[in-house]
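Following: one structure in structure tokens, then a few remarks.
The first residue in the sequence is number 1, and the count goes up from there.
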Amino acid sequence: MKVAAAVKDGRIANTIAESTEVLIVTEEEAKPVAKDTIVLGKEGITSVLFKLSQQNIDILLAGEVGTALQSTLRMLGMEILPGCTGDAVECIAGFLAGEKVGDPSKIVIPEEDEDDPMNCMHDCAKCMSGCHDRPEPLQ
């Protein structure tokens with residue numbers, strides 16, 4: 001299993017977008033066997049997600065996470081454990097030791113903005129019920 005943490009200055013970053021690196025610990029037979037670090041630049045969240053997708057990470061420990069990012073990470077095969085704080089190495093070690101780390105309530109649910117042109121992307125049921133942004137079918 002690979003457990004990773006979004007890190008800034010050795011601590012769990014408040015958000016993945018604020019992280020400067022990702023610490024990855026590989027565990028086999030209940031023992032850590034490898035530690036890697038991916039340095040993140042200022043390329044943006046899309047680049048971060050691409051780099052993460054190449055690592056086969058099972059669980060990502062992070063600070064606050066939005067619902068869209070959580071869904072994206074799940075599509076990439078990663079589970080996310082939000083609400084983690086403190087030293088990244090200690091947090092991963094605690095998780096691997098079976099300690100309770102993180103706080104699932106730190107999944108941030110954005111408030112709906114009726115002026116958002118992509119509002120229908122937040123709730124697919126809206127598109128099914130006649131969203132005005134949906135293209136008309138070709139005749």
Co-membership, hydrophobic cluster, residues [X] and [Y], 4.5 Å side-chain:
| X | Y | answer |
| --- | --- | --- |
| Ile59 | Leu52 | no |
| Leu96 | Met78 | no |
| Ile38 | Ile92 | no |
| Leu69 | Val48 | yes |
| Val101 | Val65 | no |

_Shortest non-hydrogen separation from Ser19 to Lys8 and the atoms involved_ =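 Where Ser19 meets Lys8 most closely, the heavy atoms are CA-CB, 4.4 Å.
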_Distance-minimising heavy-atom pair for Leu81 and Gly102_ =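 Closest approach of Leu81 to Gly102, heavy atoms only: CG-CA, 4.4 Å.
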*With sequence neighbours excluded, give me every salt bridge (charged side-chain N to carboxylate O under 4.0 Å, His left out) pair touching residues 80-101.*
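Listed by first then second residue: nothing to list.
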_Give me each pair satisfying salt bridge (charged side-chain N to carboxylate O under 4.0 Å, His left out) with a member in residues 73-82, each pair once, sequence neighbours excluded._
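Salt bridge (charged side-chain N to carboxylate O under 4.0 Å, His left out) check on residues 73-82 returns Arg74-Glu79.
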*Residues in side chain to side chain contact (heavy atoms under 4.5 Å, CB included) contact with Ser71, at least two apart in sequence or another chain*: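 With sequence neighbours excluded, Ser71 shows a side chain to side chain contact (heavy atoms under 4.5 Å, CB included) to no residue whatsoever.
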_Step-by-step side chain to side chain contact (heavy atoms under 4.5 Å, CB included) determination, Thr85 to Ile12_ = CA-CA 5 Å; Thr85 59; Ile12 301 288; 5.6 Å; no
*Under a 4.5 Å cut-off applied to non-hydrogen side-chain atoms, are Ile16 and Leu73 in contact?*
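Answer yes - side chains close enough.
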_For Lys2, salt bridge (Lys or Arg N to Asp or Glu O under 4.0 Å) partners two or more places apart_ =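 Once residues adjacent in sequence are excluded, Lys2 has no partner under the salt bridge (Lys or Arg N to Asp or Glu O under 4.0 Å) criterion.
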*asked:* Taking side-chain hydrogen bond (donor to acceptor under 3.5 Å, both in side chains) as the definition, give me every residue that meets it alongside Asn14, ordered by chain and number, with sequence neighbours left out.
replied: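 In terms of side-chain hydrogen bond (donor to acceptor under 3.5 Å, both in side chains), with neighbours along the sequence ignored, Asn14 is linked to no residue.
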What side-chain donor-acceptor pairs closer than 3.5 Å can you find for residues 20-34, not counting sequence neighbours?
{"from": "Thr20", "atom 1": "OG1", "to": "Val7", "atom 2": "O", "distance (Å)": "3.4"}

